[in-house]
Amino acid sequence: MDRIPILRMGETLLVTIQVDMQDQTALTLQDDLAGQIAKTGASGVMIDISALEIVDSFVGRMLTSISGIARILSATTVVVGMQPAVAITLVELGLSLEGVRTALNVERGMELLRRAREESSLGR
Amino acid sequence: MAVERAGTLPLQSEQHIVASRQMVRALCQDLKLSLVDQTKMITAASELSRNTLIHGGGGTMRWEFVEKNGRAGLQLIFEDQGPGIADLGLALTDGWTSGTGMGLGLPGSKRLVNDFDLDSAPGAGTRVRITKWK
Amino acid sequence: MKNDYAALLGALRDEEEAIIEEWLAELPAADLGARRANQAEASELLRKLRESLQAGADPARFESADWAPVHDMLVGLSRSRAAQGQSAGDTSVFVLALKKPLFASLQRRLGAQPEALAPALWSLSTTIDKLAQHTASTFQQAREDIIRRQQEELLELSTPVVKLWEGVLAVPMIGVLDSSRTQMVMEALLQRIVETGSELAIIDITGVPTVDTLVAQHLLKTVTAIRLMGADCIISGIRPQIAQTIVHLGIDLQGVSTKATLADALSLALQKTGWRLTRDK
């Protein structure tokens with residue numbers, strides 16, 4: 001079973017999903033991320049799905065869960081690089097990924113995380 | 001290039017769900033479906049494979065290239081001998097909503113394919129047949 | 001049963017040339033090119049028919065796989081005629097015209113045995129009818145396929161995605177917004193969004209005649225897909241009557257920005273993407 005690696009870039013945790021994941025792999029990723037956010041105090045999580053050709057309801061729920069868990073741990077999650085065919089399929093499937101923030105690419109995603117960091121530091 | 005016109009895959013483990021996705025991808029490519037149609041069919045297969053494993057206690061996916069009035073298509077049949085669905089009407093009820101994707105996700109899968117047949121009863125297992133035409 | 005077809009098989013084997021001549025004579029007069037095409041199709045169909053019968057295919061069970069070569073040939077026949085714009089009638093006539101020469105041939109062969117002739121003629125008639133039926137239904141499907149492809153091409157042509165500004169795309173929707181239209185728009189628009197890295201898409205519905213719950217659903221699907229990818233959109237071209245219908249039907253636009261005109265939408269889009277316009281007096 002593959003384990004998806006989590007990279008750390010300053011205050012951001014970066015995950016790139018490039019394989020057709022087994023359900024357990026996705027669940028393990030969720031656990032690993034939760035652990036890493038808590039351990040590092042990261043304020044942002046970026047999940048790059050530009051290589052994913054299929055996002056079914058299981059992966060969709062995983063993304064929603066990670067988003068929720070990160071939020072509770074005071075981190076912002078952004079999912080980047082969704083392919084058009086995937087977006088069309090998710091909509092038809094009836095999944096709108098409530099609560100999951102998305103961006104077109106890594107660059108925009110980093111911008112979003114930076115803005116979120118600034119806003120939350122203003123709030124403190 | 002698949003030379004056979006039909007085959008069966010077991011759905012008894014998580015790895016089998018991945019295998020079914022990969023098989024359906026190869027079949028869709030043989031049929032030369034558009035990218036969006038491929039994505040929809042593979043996603044539907046993933047949903048139904050998982051249902052068969054998780055809710056049906058394991059089963060099979062049978063695939064077959066079909067033809068109707070000169071039009072080519074891919075047919076998949078997901079079958080299990082599990083507990084079956086008590087309320088078929090309820091399982092298929094769903095307008096297009098921003099649902100959480102809980103439960104069987106049958107209405108969603110139905111929208112991804114052209115033909116959708118559901119056969120199930122308590123104690124009699126479940127059989128879902130889907131077809132995507134070129 | 002087999003005997004009925006033994007004579008037919010014999011006829012197909014020995015009198016192919018004569019049968020084709022008589023068959024073509026039955027068809028409406030056509031130009032030289034069409035006659036040649038007819039001849040080619042006629043001899044191919046006869047050959048496939050003969051081969052299938054010889055291999056033991058049972059004409060009473062025309063649906064069986066033994067008849068696949070004949071099926072395929074008829075499908076090809078229908079498709080090419082449908083593509084040429086011929087009618088379903090013409091195509092059936094082509095197949096049915098085969099009866100006369102084959103009847104004549106059977107009569108010649110079995111004339112001396114009336115008890116054998118009648119069932120042979122009946123079986124032959126049934127077989128040709130089945131061929132014609134099959135041709136007609138595949139013709140229908142072929143026509144529908146052609147129309148569908150033409151519609152898709154038309155939709156593609158009328159779904160231009162325009163780059164209005166750095167990071168701002170626009171697509172004018174013209175005509176009735178149905179599910180296949182929506183698909184087309186979504187595919188074209190989302191692809192361009194990825195290619196150009198545009199964060200905003202303006203969907204102009206000035207050209208959409210009515211907006212009911214179904215149309216709104218299609219629009220919202222497009223909006224959801226755009227948002228899923230990380231971009232946003234503005235719906236423009238909302239006429240007062242449409243605004244009223246939306247409120248009246250209780251349609252929830254889920255926070256999408258809406259503007260009456262494309263100009264207003266562009267202004268909002270520039271604002272959202274951080275542009276500021278100044279004007280020299």
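Just so it is clear: chains get the letters A, B, ... in the order the sequence lines come, proteins before strands, and each one is counted from 1.
Taken from CD in A:Gln22 to OG in B:Ser13, the straight-line distance is 7.5 Å, to the nearest 0.5 Å. In this structure, CD1 in A:Ile88 is found 10.0 Å from CG in B:Asp37, a value given to the nearest 0.5 Å. Remark: B:Ser46 OG to A:Asp20 CG distance equals 7.5 Å, nearest 0.5 Å. A:Thr89 contributes atom OG1, which lies 11.0 Å from atom CD of B:Gln38 (distance to the nearest 0.5 angstrom). Once rounded to the nearest 0.5 Å, the distance linking CD1 of B:Ile17 with CG of A:Asp23 reads 4.5 Å. Atom CE of A:Met21 sits about 8.0 Å away from atom CZ of B:Arg21, to the nearest 0.5 Å.
Between the side chain of B:Glu47 and the backbone N or O of A:Asp56 there is no donor-acceptor pair closer than 3.5 Å. A distance-only check finds a donor-acceptor pair linking the side chain of B:Glu14 to the backbone of A:Gln24 [under 3.5 Å].
Other residues, nucleotides and ligands place no more than 12 heavy atoms under 6.0 Å from the CZ atom of A:Arg101. Remark: A:Glu107 CD is loosely packed, at most 12 non-hydrogen atoms of other residues, nucleotides or ligands lying under 6.0 Å away.
Residues A:Ala85 and B:Leu35 come closest through the heavy atom pair CB-CG, 4.2 Å. Nearest heavy atoms, B:Arg50 versus A:Ser57: NH1-OG, 4.4 Å.
In summary, the side chains of A:Glu53 and B:Thr39 do not present any donor paired with an acceptor at a separation below 3.5 Å, with no hydrogens or angles considered.
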